[in-house]
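Here, residue 1 is the first one in the sequence, and each next residue gets the next number. Each ligand, and each atom within it, is numbered from 1 in the order the structure gives.
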Amino acid sequence: MRAIKNKKTHSSAAGRIKVSKNGPYLVSGGLSLDKAIIVTGRNGIPDKWGKGEKFRVQEGYALCRCGYSTNKPYCTGMHAVKRFDGTETASRKKYLEQAESTRGPAITLTDAISFCAIARYCEKAGSVWTLAEKGDKKSVKLAIREACDCPAGRLVAWDKKTGKPIEPKLKKSISLIEDPSEGASGPIWVKGGVAIQSSDGYVYEKRNRVTLCRCGKSLNKPFCDGTHLTVEFNDGDRRLKK
Ligand code: FES
């Protein structure tokens, strides 16, 4: 048999997430995995992102999406025991088809509420929508920062001069969000335009920021809809009140 020449393979740089039917997220391509902490200011509103633990780099791994794993964040097969219903209910319309716009003198803010993971950075230094409508430099800067801090990509600021989105530089990777001030573990933050494929083979729109449900209770699967706060999902993180 002739040896197959080593053509360009889909290796680490590719990175991909496959949503398995009623089971875990199957991650491939050696995507790095760590924790990202929502750090609040004195007023209790999220102010910045803190860095948490880094997990061992693996070429492929399965992340729990049912919320019942006994070894979070990885899948332990509990989805089968619990008969997890992971039916994907999210709209397949593109982000801009779902988004509403707030137009200011310098930027336009687009907002697709279905992606909201309730990370609350949009209120950091005043409402992002109000700030976007203002034209002064300070307000514009704050609006851009708040939009860029939104992990779910619900909010995007667009430069009116260039017509281009203003996006944070994110490398292809995955972070598990922890929200200690709310006493809850948050969603899986997928960064840098990683391809996410549904259980029926559909490839969702590739985006720089998006959050996937990991409590198992979102009504907008596979995306997070903030339900982890209602159910006080806890992955055992030491920062959360027990
Ligand atoms: S998806 Fe397998 S244990 Fe949660």
> Does the pair Lys217/Asp85 count as a salt bridge with the N-to-O cut at 4.0 Å?
Replying inline: no
- Message: Is it true that Lys191 and Ser175 share a donor-acceptor pair across their side chains at a distance under 3.5 Å?
- Response: yes
When distances are taken from atom 2 (Fe) of ligand 1, the protein heavy atom at minimum range is His79 ND1, 2.3 Å
Is the distance from atom 4 (Fe) of ligand 1 to some N, O or S atom of Cys75 under 2.8 Å? no
- Do Arg120 and Glu182 have side chains that get closer than 4.5 Å, going by heavy atoms? yes
Original post:
Can you check whether Glu88 reaches Ser199 side chain to side chain, under 4.5 Å on heavy atoms?
Top reply: yes
the protein heavy atom lying closest to atom 3 (S) of ligand 1 turns out to be Met78 N, 3.3 Å
In ligand 1, the atoms that come under 4.0 Å of a heavy atom of Gly77 are 2 (Fe), 3 (S)
Taking backbone and side chain together, does Cys66 place any N/O/S atom at a distance below 2.8 Å from atom 2 (Fe) of ligand 1? no
Note: ligand 1 atoms sitting under 4.0 Å from heavy atoms of Thr76 are 3 (S)
Counting heavy atoms under 4.0 Å, the part of Arg65 that contacts ligand 1 is backbone
Measure the acute angle between the ring planes of Trp49 and Trp189, then classify it against the limits of 30° and 60° as parallel, tilted or perpendicular.
-> tilted
> Is atom CZ of Arg92 surrounded by more than 12 heavy atoms (other residues, nucleotides or ligands) closer than 6.0 Å?
Replying inline: yes
